[in-house]
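Numbers here simply count residues along the sequence, with the first being 1. The structure displayed is predicted, hence computed values, not measured ones.
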Amino acid sequence: MLLAGSVQAGDLGQASDKLCSKIKQCTYSQLENDASITPEMREMLNNMVAAMCYEVLAHLDSAAFGQNDELEHAATECVVSMAELNCSAIESGDAHTPACARYEALAEKYEPHQ
């Protein structure tokens with residue numbers, strides 16, 4: 001288990017995988033409880049969730065941060081904190097954590113100003 005204080009460079013991929021698994025778990029749990037969804041629709045939704053997860057993971061790889069270990073560390077802490085949320089927080093869109101707020105503030109410092 002990754003803890004915010006012990007995050008190291010290279011942990012971002014592992015944390016992202018964990019978040020993706022959590023999102024899949026929450027989605028699949030919702031699908032199982034909905035009797036109106038046909039098996040074909042369930043399979044299509046499963047594929048969509050998997051594709052969305054891997055699309056997000058592709059944008060969260062370590063290479064995206066270049067040599068900025070501070071920003072990568074903050075992003076990793078954000079992803080770890082989101083993976084620790086319960087499904088109701090994720091599903092409600094209330095997945096903003098203090099670690100993510102720190103990451104967003106730090107990321108703003110590195111964005112090119114136009």
**OP:** Work out which heavy atom in A74 is nearest to a heavy atom in Y103; give both atom names and the distance.
**Re:** O-CB, 3.7 Å
Original post:
Quick one: CZ on R42 to OG1 on T27, what's the gap to the nearest 0.5 Å?
Top reply: 12.5 Å
Original post:
For the atom pair SG (C26) and CG (L85), what is the distance rounded to the nearest 0.5 Å?
Top reply: 9.0 Å
Original post:
Counting only heavy atoms not in E43, do more than 12 sit closer than 6.0 Å to its CD atom?
Top reply: no
**OP:** Please check if atom CE in M48 has more than 12 non-hydrogen atoms from other residues, nucleotides or ligands closer than 6.0 Å.
**Re:** no
Original post:
Minimum heavy-atom separation for I90 to K22, with atom names?
Top reply: CD1-CG, 3.6 Å
Original post:
What are the two closest heavy atoms between C78 and T97, and how far apart are they?
Top reply: O-OG1, 4.5 Å
Original post:
What distance separates C100 SG from M82 CE, expressed to the nearest 0.5 Å?
Top reply: 5.5 Å
Original post:
Considering all heavy atoms of both residues, which atom of V49 and which atom of K24 are nearest to each other, and what is their separation?
Top reply: CG1-CG, 3.9 Å
**OP:** Using the rule that two of Ile, Leu, Val, Met, Phe, Trp, Tyr join whenever any of their side-chain heavy atoms come within less than 4.5 Å, decide whether L45 and M52 are in one cluster.
**Re:** no
**OP:** Rounded to the nearest 0.5 Å, what's the gap from CG on L12 to CD on E77? Could you check?
**Re:** 11.5 Å
Original post:
Under a 4.5 Å cut-off applied to non-hydrogen side-chain atoms, are P98 and R102 in contact?
Top reply: yes
Original post:
Which distance, rounded to the nearest 0.5 Å, do you find between the NE2 of H73 and the CG of L106?
Top reply: 10.0 Å
